[in-house]
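Heads up, the thing below is written out as structure tokens.
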Amino acid sequence: MATNQQGPIGIFDSGYGGLTIFDKIQQLMPGYDYIYLGDNARAPYGTRSFEVVYKFTLQAVKKLFDEGCQLVILACNTASAKALRNIQQKNLPKLAPERRVLGVIRPTVELMDEVSHTKHIGVLGTAETISSRSYTLKIKKMFPHIKVTGQACPMWVPLVENNEFNSPGADYFIKKNLDEILAKDPQIDTLVLGCTHYPLLIDKIRQYVPAGISLFSQGEYVANSLQDYLKRHPGMESRLTRNGTSRFLTTGSATKFSEAATVFLSHPIAVQKVTIDK
Ligand code: DGL
């Protein structure tokens, strides 16, 4: 592992979804260096077991540490729900005690009381994020008066990863899962997009969400929370290099990633194919 005392911020997701977080972080703090890693070859993670998500996420974190990253953001709710705690508590102290790994669930949960008037929140996520009950438990702990209803949307990530955003299949599955969650609790006034891939489907999601219900997209809030974290942790901030560069790594096809990411980020990028499963 690189032993540099300074390096970039790493941003990890199973595939393209984390680009919705990267984009907001980079816009807010363009001065830092970033390395984005998408494990596209093994996405989606959302239907995989705890052990597998943990193993894959740890491999990704090690890869980003090898690349010199001092701070890694798991820009993936599934990995944040399944692997973050173990990585922070079991692996990091041995692997790199001075580096940090942060997730996307906590910065989202912290805002729930502020965003909902009815205090009825719906969380849309992958099957694994919803079955982990991470959002429900964390929101309940922080805001016991809020009612939380989860809905697994297992087809939404494959729609994104396979570039099927605008297909009739996207309409079918998006409407189906939204109808399901709103039938479970008609008082929901805020739907959390609890998967970083979902903002990429936001135009379609909006078509099927009744007026009066807000969609909560995490990117901007995770970016604000990271900025705040760096202010509160000057020791970490001083370990981050500041040349304004961004590199993109994928375990899948570099060409495909580059084409897809260009659409999401609205500018062309260079992508390098890497292996992380060793
Ligand atoms: N984008 C990820 C999330 O936020 C995971 C999607 C997946 O690989 O299933 O949950």
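The residues of the chain are indexed from 1 along the displayed sequence. Each ligand, and each atom within it, is numbered from 1 in the order the structure gives.
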Taking CZ in R242 as the centre, count heavy atoms belonging to other residues, nucleotides or ligands within less than 6.0 Å. Is the count above 12?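 It does: R242 CZ has more than 12 such atoms within range.
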Crowding at NZ, K204 (>12 non-hydrogen neighbours, <6.0 Å): yes
Mind checking salt bridge (charged side-chain N to carboxylate O under 4.0 Å, His left out) for R42 and listing every partner two or more places apart, or none if nothing turns up?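 For R42, the residues satisfying salt bridge (charged side-chain N to carboxylate O under 4.0 Å, His left out) (neighbours in sequence not counted) are D39.
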Which residues share a side-chain contact (heavy atoms from CB on, under 4.5 Å) with D179, sequence neighbours left out: K175
Do the two ring centres, one from F12 and one from Y36, sit under 6.0 Å apart?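 Not under 6.0 Å, so no.
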In short, ring pair (Phe, Tyr, Trp, His ring centres under 6.0 Å) pairs touching residues 99-155 with sequence neighbours left out are none
Per-pair distances, ligand 1 N/O vs protein N/O, less than 3.5 Å:
unit_1   : atom_1 : unit_2 : atom_2 : d
ligand 1 : 1 (N)  : D13    : OD1    : 3.1
ligand 1 : 1 (N)  : T196   : OG1    : 2.9
ligand 1 : 1 (N)  : H197   : ND1    : 2.7
ligand 1 : 4 (O)  : N77    : N      : 2.7
ligand 1 : 4 (O)  : N77    : ND2    : 3.2
ligand 1 : 4 (O)  : T196   : N      : 2.8
ligand 1 : 4 (O)  : T196   : OG1    : 3.3
ligand 1 : 8 (O)  : S14    : OG     : 2.5
ligand 1 : 8 (O)  : Y45    : N      : 2.6
ligand 1 : 9 (O)  : Y45    : N      : 3.3
ligand 1 : 9 (O)  : G46    : N      : 2.7
ligand 1 : 10 (O) : N77    : N      : 3.3
ligand 1 : 10 (O) : T78    : N      : 3.0
ligand 1 : 10 (O) : T78    : OG1    : 2.7

